[in-house]
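Below, all heavy atoms of this structure are taken into account, side chains as well, without hydrogens, waters or symmetry copies.
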Amino acid sequence: MANLSPAPILGGYDKSLPDVRLIERSGLALVSLAIPLGGEAAATQAIRAAFGLDLPAPGMSAAGKAHRLIRTGPDQALLMFDNNTANAQPAVRAALNGACYTTMQTDAWVVLAVSGPGTRRALERICPLDLHDSAFAVDAAGRTVMEHMSALILREGDDSFLLLSASSSARSFLHAVETSITHTS
Amino acid sequence: MIIDHPLLGPRDAAEFVYKGDAALIDRPDWQAEDAADKFHEYMYLRDNVAGEMAELWYHEHGDRSWLVVTRNTLTHKITSVELARDVARRRGRGK
């Protein structure tokens, strides 16, 4: 059998502009966790035991050594970690031992990383969320809509953000972000 | 229009989908004698309110939560926003 390896959705896009760098971050596994009705305490405990992370409040994320956990809704979170193989979801399911329902999401999302001093200025144009420090601190995360495309934005550092959107419209999303950056830098 | 989401804070209305009268939460009892009439009313009859109205909004481009938004249909002024599941539980729903 042919030896197949996964290809990045945008071919490993990497572009440096004067004060912003935009790259595709590939090789990340994404597994969504759904918390069963009334099972938040058990889920919190299982997540802490498995990944050493406290389940963050909605609108926030928590980062450990290898994992980042994004709370996407009252009963839902998205676990992100480096893993390029198909066994990411079975491994998470086994580690949580039934405390959450898990779904493999890796192929559904494209992940862009935007960084540099001009990042917030570029994002102000397409992101409807308030990204000021007082409203969107480091580790804050939120789902929203950018240029009519559903997106998830996460603040990794002072001047670095991750943008996630549907992999099926990855090129359109990249174009929207790229355009915003070129128009503001 | 800005909807002040109870968990996520102020969000633009473009992130939401309007789902109509919050009376949809009160699904009739299917075992009642007059169930057919009640379901007809539930399905087809709506009050056309000019003033304050409890509405369902779905946060599609967000956390996918359902909200009960109390909004004045004449002025668009929003006076309260709650998670629909909290409202449903308060009305005696188990889930």
query: Does a side-chain N-to-carboxylate-O contact under 4.0 Å join Glu156(A) and Arg25(A)?
result: yes
Contact class of Asp75(A) relative to chain B, heavy atoms under 4.5 angstrom: side chain
query: Using non-hydrogen atoms only, which part of Leu152(A) is less than 4.5 Å away from chain B: side chain, backbone, both, or neither?
result: neither
- line: If you tally heavy-atom pairs under 4.5 Å between each of Pro128(A), Gly73(A), Pro74(A), Gly38(A) and chain B, the highest tally belongs to Pro74(A)
field: Proximal to chain B - members of residues 50-65 of chain A, heavy-atom separation under 4.5 Å
entry: Pro58(A), Gly59(A)
query: Is it true that Arg11(B) and Asp4(B) make a salt bridge, defined as a side-chain N closer than 4.0 Å to a carboxylate O?
result: no
- prompt: Would you say the side chain of Ser32(A) lies within less than 4.5 Å of the side chain of Met104(A), judging by non-hydrogen atoms?
  reply: no
message: For Thr144(A), which atoms come within 4.5 Å of any heavy atom of chain B: side chain, backbone, both, or neither?
response: both
task: Give a yes or no answer on whether the side chain of Gln76(A) reaches the backbone of Ala34(A) with a donor-acceptor pair at less than 3.5 Å.
output: no
message: With side-chain contact (heavy atoms from CB on, under 4.5 Å) as the criterion, how do Glu124(A) and Thr184(A) come out once you've worked through the C-alpha distance, each side chain's angles and the decisive distance to 0.1 Å?
response: CA-CA 9 Å; Glu124(A) 274 166 5; Thr184(A) 52; over 6 Å; no
query: Would you say Arg120(A)'s side chain and Asp159(A)'s backbone share a donor-acceptor pair under 3.5 angstrom?
result: no
field: Neighbour count above 12 (heavy atom, 6.0 Å) for Asn97(A) CG
entry: no
message: Need one label for Leu7(B): side chain, backbone, both or neither, based on atoms under 4.5 Å from any heavy atom in chain A.
response: both
message: Would you say that more than 12 heavy atoms from the other residues, nucleotides or ligands in this model lie under 6.0 Å from the CG of Asp107(A), or not?
response: no
